Number of protein chains: 2
Amino acid sequence: MQRLIAHISKFVELTEEDRETILSLMQYQEVKKKEYLLRQDAICNANYFILKGVFRKYYIDEKGSEQIIHFGIDNWWITDYDSLDRRIPSQYFIQAVEHAEVAVLDWRVQEELFAKIPALERYFRLILQRAYAASMQRIRYIYDFTGEERYYHFSSLYPEFLQRIPQYMVASYLGFTPEFLSKIRAKKI
Amino acid sequence: MQRLIAHISKFVELTEEDRETILSLMQYQEVKKKEYLLRQDAICNANYFILKGVFRKYYIDEKGSEQIIHFGIDNWWITDYDSLDRRIPSQYFIQAVEHAEVAVLDWRVQEELFAKIPALERYFRLILQRAYAASMQRIRYIYDFTGEERYYHFSSLYPEFLQRIPQYMVASYLGFTPEFLSKIRAKKI
DNA sequence: GTCTTTTCTTGAACTCGATTAAGTTTTGGC
DNA sequence: GCCAAAACTTAATCGAGTTCAAGAAAAGAC
């Protein structure tokens with residue numbers, strides 16, 4: 001859980017008392033491979049800080065196949081903000097790709113925490129700013145580059161990732177079919 | 001400027017004093033068609049609330065052509081958060097598509113305002129949450145639908161928009177060429 | 001260690017949308 | 001009101017990536 005405190009401290013200043021408050025109100029949770037933090041149609045009840053492991057956030061598209069829109073890795077928060085905040089059913093699944101550990105911030109606790117520690121409201125504003133910028137960047141990649149270019153970019157950015165997660169998940173995240181990914185790999189080797 | 005106050009009040013509670021503080025620290029500005037609020041390589045100095053008009057946020061892609069990543073319309077904020085907050089050169093242009101009026105929140109004033117009115121920090125957290133969710137939704141549209149489907153979806157969602165802005169901008173925003181948009185329209189009529 | 005499930009590969013036919021290169025229509029400046 | 005610039009259309013050709021279908025390899029389960 002110290003990783004969470006360290007992360008927050010990179011963005012805002014916390015007193016020793018703040019730290020204790022945060023630790024006392026958040027919970028540590030282990031998540032087994034393939035377990036879900038959230039399922040479609042459920043109302044999201046927490047924001048999760050990933051201490052260790054990998055999660056995927058996906059939905060079922062028109063044709064009934066899984067489409068990954070986001071990977072969550074160490075030191076990122078993962079949730080469905082829309083469902084969490086507006087208390088509406090989620091369109092997404094959040095599932096552990098491998099054994100993981102998270103810090104859980106329940107939505108009922110969140111308000112209490114913001115009231116006690118205003119710096120946290122700021123911290124989340126900054127986190128969201130980054131997430132928003134990252135998702136703009138993602139749209140740029142989709143528009144500017146071909147599938148092949150996106151794959152090479154992704155594999156040079158997160159080489160260890162390709163070892164840890166199934167190829168078909170990478171294909172889904174990058175927006176093409178597993179067959180096409182196979183073809184790209186065949187070309188290179 | 002009352003539209004801004006009304007918008008903020010939809011998300012957080014403001015006292016009469018808060019309102020006056022906000023109005024005193026923000027500036028009203030008219031922006032002529034084709035004028036820029038931000039240019040590539042400049043550091044973004046403000047967050048703009050659009051009172052009236054339409055803006056486009058775009059960048060120049062690898063091939064040297066303009067790629068629109070976002071439209072800003074009445075009652076939305078538009079800025080480059082990454083550049084604004086981290087004081088780094090922007091990758092984007094923000095340009096008025098038609099004559100517009102904005103409320104300007106300068107970055108040096110922003111901190112002062114957050115200190116005086118903590119509710120505003122919360123307001124921006126909520127705004128960013130929405131923007132982030134919207135951009136996720138955008139990625140979904142790109143992945144799930146063909147260009148033609150995206151066009152029909154867009155035109156049913158914002159019919160008045162198609163009248164107000166050039167087609168080639170719609171094509172750029174939707175991620176295809178103006179020629180292809182012409183083809184879609186020819187098919188239907 | 002074998003059996004089942006999951007993941008990955010290969011190839012042929014096909015489709016969506018890009019590119020190129022005209023020509024046409026609309027808009028706006030003066 | 002006229003001219004130039006900006007915006008839109010049409011058509012032929014081409015390529016990135018999909019779909020379908022089958023088989024091979026790897027990973028768990030017991």
Side-chain angles (χ1 to χ4, degrees), chain A residues 32-36 54 56 58 60-68 71 93 95-99 139-155 161-189, chain B residues 32-36 54 56 58 60-68 71 93 95-99 139-155 161-189:
Chain A
K32 291 202 198 92
K33 188 171 174 171
K34 294 198 179 169
E35 251 180 33
Y36 289 91
V54 176
R56 64 178 180 138
Y58 68 92
I60 307 295
D61 69 16
E62 308 272 299
K63 292 165 204 140
S65 48
E66 296 176 358
Q67 179 60 59
I68 297 177
F71 281 120
F93 295 87
Q95 187 194 38
V97 174
E98 55 182 39
H99 181 88
I139 292 173
R140 279 184 70 146
Y141 277 116
I142 296 171
Y143 279 167
D144 289 5
F145 301 115
T146 64
E148 188 170 353
E149 288 168 332
R150 291 199 305 276
Y151 173 72
Y152 286 125
H153 180 261
F154 184 84
S155 62
F161 227 63
L162 295 177
Q163 259 49 53
R164 281 160 73 186
I165 62 175
Q167 308 266 344
Y168 75 90
M169 287 191 190
V170 177
S172 172
Y173 176 75
L174 293 176
F176 47 72
T177 59
E179 290 91 338
F180 184 61
L181 179 48
S182 253
K183 248 171 247 182
I184 293 172
R185 286 160 52 82
K187 224 193 280 185
K188 187 68 171 286
I189 303 163
Chain B
K32 291 202 198 92
K33 188 171 174 172
K34 295 197 179 170
E35 250 180 34
Y36 289 91
V54 176
R56 64 179 180 138
Y58 69 91
I60 306 295
D61 69 17
E62 308 272 299
K63 291 167 206 140
S65 48
E66 297 176 357
Q67 179 60 59
I68 297 177
F71 280 120
F93 295 85
Q95 186 194 37
V97 174
E98 55 182 40
H99 181 88
I139 293 173
R140 280 185 70 148
Y141 277 116
I142 297 170
Y143 279 167
D144 288 6
F145 302 114
T146 64
E148 188 170 355
E149 288 168 332
R150 293 202 300 279
Y151 174 72
Y152 285 125
H153 180 262
F154 184 84
S155 62
F161 226 64
L162 295 177
Q163 259 49 50
R164 281 161 71 186
I165 62 174
Q167 308 266 345
Y168 76 89
M169 288 192 189
V170 177
S172 172
Y173 176 75
L174 293 176
F176 47 74
T177 59
E179 290 90 341
F180 184 61
L181 179 47
S182 252
K183 229 182 263 181
I184 294 172
R185 287 160 53 83
K187 224 193 280 185
K188 187 68 170 288
I189 302 162

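Per chain, numbering begins at 1; letters A, B, ... match sequence-line order. Source: prediction; values computed, not measured.
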Tabulated below should be each protein N or O lying under 3.5 Å from an N or O of nucleotides 22-26 of chain C; please produce it.
none

Listed pairs, N/O of protein and of nucleotides 4-7 of chain C, under 3.5 Å:
| residue | atom | partner | partner atom | Å |
| --- | --- | --- | --- | --- |
| dT7(C) | OP1 | Tyr168(A) | OH | 3.4 |
| dT7(C) | OP2 | Tyr168(A) | OH | 3.2 |

Closest contact, heavy atoms only, [X] versus [Y]:
X	Y	result
Pro178(B)	Tyr168(B)	CG-CB, 3.9 Å
Lys32(A)	Ala96(A)	O-CB, 3.5 Å
Leu174(B)	Arg150(B)	O-NH2, 2.7 Å

Review point. Are the aromatic rings of Tyr151(A) and Phe176(A) close, with centres under 6.0 Å apart?
Key: no
**Study point:** is_close_aromatic(Phe145(A), His153(A)), centroid dist under 6.0 Å
**Key:** no
For [X] and [N], what is the distance between atoms [atom1] and [atom2] respectively, to the nearest whole Å?
X	N	atom1	atom2	result
Leu174(A)	dA16(D)	CG	C1'	15 Å
Lys183(B)	dT19(C)	NZ	P	12 Å
Ile184(A)	dA16(D)	CD1	C1'	10 Å
Phe180(A)	dT10(C)	CZ	P	14 Å
Ile165(A)	dA27(D)	CD1	P	15 Å
Asp144(B)	dT18(D)	CG	C1'	15 Å
Arg150(B)	dC16(C)	CZ	P	13 Å
Ile142(B)	dC16(C)	CD1	C1'	16 Å

Given [options], identify the nucleotide with an atom nearest to the side chain of [X].
X	options	answer
Phe176(A)	dT10(D), dA18(C), dT18(D)	dT18(D)
Arg185(A)	dT9(D), dT18(D), dT9(C)	dT9(C)
Thr177(A)	dG17(C), dT9(D), dT19(D)	dT19(D)
Glu179(A)	dA18(C), dT18(D), dA21(D)	dA21(D)

**Study point:** Check: Tyr143(B) side chain, Tyr173(A) main-chain N or O, donor-acceptor pair, under 3.5 Å
**Key:** yes
**Study point:** Check: Gln95(B) side chain, Tyr36(B) main-chain N or O, donor-acceptor pair, under 3.5 Å
**Key:** no
Exercise for review: Name the residue closer to the 5' end of DNA chain C, choosing between Thr146(B) and Lys33(B) according to the nucleotide with the nearest heavy atom.
Suggested key: Thr146(B)
Check your understanding: Parallel, tilted or perpendicular: which fits the ring planes of Phe154(B) and Phe71(B), with parallel below 30° and perpendicular above 60°?
Key -> tilted
Review point. For Glu35(A), which residues count as a salt bridge (Lys or Arg N to Asp or Glu O under 4.0 Å) partner, sequence neighbours excluded?
Key: none
